[in-house]
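Counting starts at 1 for both ligands and their atoms, following the listed order. Reckoned from all heavy atoms, side chains included, excluding hydrogens, waters and symmetry mates.
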Amino acid sequence: MLTSMDKLVALCKVRGFVFPSSEIYGGFAAVYDYGQLGVELANNIKKAWWKAMVQMRGDIVGLDSAIFMHPKIWEASGHVGGFSDPLTECKSCHSRLRVDHLLEEIDILADEKMGEEAINALFAENIKKIVCPKCGKNDFTSVKKFNLLVKSNLGNFTGDLDKEAVYLRGETCQGIYVNFENVLHSSRKRLPFGIAQIGKAFRNEITARQFVFRTREFEQMEMQYFVHPDLEMIEYEKLRAARWQYYLDLGIKEENLQWHKHENLVFYAKEAYDIEYNFPFGFKELEGIHARGNYDLTQHSTFSGQTLDYTDPISGEKFIPHIIESSVGVGRTMLAVLTDAYSEEEVDGETRVVLRLPYQLAPYRVAVLPLSKKENLSFVAQNIAQNLRGSFMVDYDETQSIGKRYRRQDEIGTPFCVTVDFDTLGEGEAALKDTVTVRERDSMKQERIAIADLEEYLSERLK
Ligand code: GAP
């Protein structure tokens with residue numbers, strides 16, 4: 001079990017999963033770039049989510065709404081008025097800190113819905129026990145609630161961001177709510193049905209910590225399920241069960257998952273649970289699953305002046321649908337998947353680092369490695385790699401010793417390595433001509449396979 005983030009952060013940088021943003025300019029806080037392996041892993045995560053959420057469900061359809069939306073949407077949703085975190089500043093080192101996180105460190109639960117006065121009182125009550133995590137001093141400013149919405153000047157030529165502010169979306173689901181009627185009528189769906197979307201969201205997080213766990217630009221995978229009010233809690237329990245199973249199917253170890261029930265709900269919510277993952281810094285929220293009542297459509301109906309209700313085609317009953325949602329970040333899923341997969345073991349007196357990624361998520365499914373850089377070996381190996389590329393993401397590597405190349409593929413989680421040697425060329429044992437060695441990552445077992453059967457063999461093993 002990985003207990004420190006340092007090793008994972010280093011591996012992600014060195015191997016090309018995740019890079020700090022704008023690094024040559026000294027970096028840009030709380031924003032990350034996904035490198036050549038990170039983009040493959042993220043794409044595989046999104047594909048798995050889309051398959052479970054849309055492809056395998058006749059009752060859920062997809063959407064890709066714009067990042068920019070009418071500013072009134074963020075008033076209706078409550079984000080302009082209430083989407084804020086409690087902020088304090090250390091008077092000694094000037095670090096800006098989240099007060100709920102400082103209180104959490106001393107086992108006091110501060111509710112994100114608390115007003116400025118209430119959280120100031122709680123902070124003052126406990127201040128003697130709190131020290132700045134950066135400098136260790138105990139001298140803080142009073143608590144201010146800081147709004148997380150990110151403003152832009154899109155279409156605003158006044159030069160004043162406070163006038164006609166347009167926001168980068170703080171969550172993707174608002175695009176789903178405002179398209180409810182469009183999707184309902186164009187898809188001819190009946191309740192219950194859902195709309196799923198994957199896309200970028202932006203939040204001015206005060207303290208962005210723990211690598212890609214909390215960033216200011218991130219991608220969300222959200223599904224909103226529209227139901228009759230009487231069915232809300234039944235469908236909610238079904239969604240909770242489906243989401244738990246999804247993580248098991250993704251290959252996450254069940255002992256690293258747990259439920260966290262929200263005790264203090266916003267006034268409109270019926271129930272809220274998080275699925276937490278056992279990150280190197282402890283169990284923390286991976287995904288939120290919420291029963292939201294009819295708040296969202298009611299708010300958008302009031303603010304837009306459009307009726308957003310549903311008429312049951314059989315009973316004729318008219319009502320505003322209730323919504324249950326599933327919401328999870330791509331980066332946060334990636335961090336959970338990488339933590340779950342990371343392992344170290346002793347092999348021949350050396351430490352072997354292996355990313356035991358589920359095959360379906362591995363950036364490269366196959367690596368083709370000629371035994372040496374000799375031209376005739378390279379020629380055959382390049383051909384094999386190119387032929388396999390029609391079916392899988394394939395890496396090709398001919399530098400350094402074969403042992404080092406195996407280790408490198410282990411570290412990036414490649415399930416199978418195909419080695420081309422002199423036997424393959426017919427220069428060794430005659431029976432091995434036109435065969436290659438296939439090595440499996442976890443067991444390190446090797447098999448000799450005919451080149452003609454290779455694609456079928458790998459497809460079968462990678463299923
Ligand atoms: N629509 C509901 C919603 O956005 P949330 O709990 O604020 O709820 C849902 O976010 C999920 O989005 C989280 O469980 C997490 O996986 C991801 N997420 C939220 N803020 C994030 C951030 N700053 N960086 C990375 N992922 C984040």
Self-check item: Cation-aromatic face contact Arg240/Trp259, 6.0 Å, 45 degrees
Solution: yes

Quiz item: Quick one: side-chain hydrogen bond (donor to acceptor under 3.5 Å, both in side chains) pairs with a partner in residues 16-43, sequence neighbours left out?
Solution: Lys13-Glu23

Practice problem: Verify whether the ring centers belonging to Phe213 and Phe211 lie closer than 6.0 Å. | Solution: no

Quiz item: Under a 4.0 Å heavy-atom cut-off, what residues line ligand 1?
Solution: Glu171, Cys173, Arg203, Glu205, Phe213, Arg214, Thr215, Phe218, Gln220, Glu222, Glu285, Leu286, Glu287, Gly288, Glu325, Ser327, Val328, Gly329, Arg332

Exercise. Kindly assign one of parallel, tilted or perpendicular to the pair Phe279 and Phe281, based on the angle between their ring planes and the thresholds 30° and 60°.
Key: parallel

Quiz prompt | Shortest non-hydrogen contact from Phe193 toward Lys189 | solution = CG-CB, 3.7 Å

Quiz item: Taking it one step at a time, do His322 and Leu297 satisfy side-chain contact (heavy atoms from CB on, under 4.5 Å)?
Solution: CA-CA 8 Å; His322 284 213; Leu297 290 185; over 6 Å; no

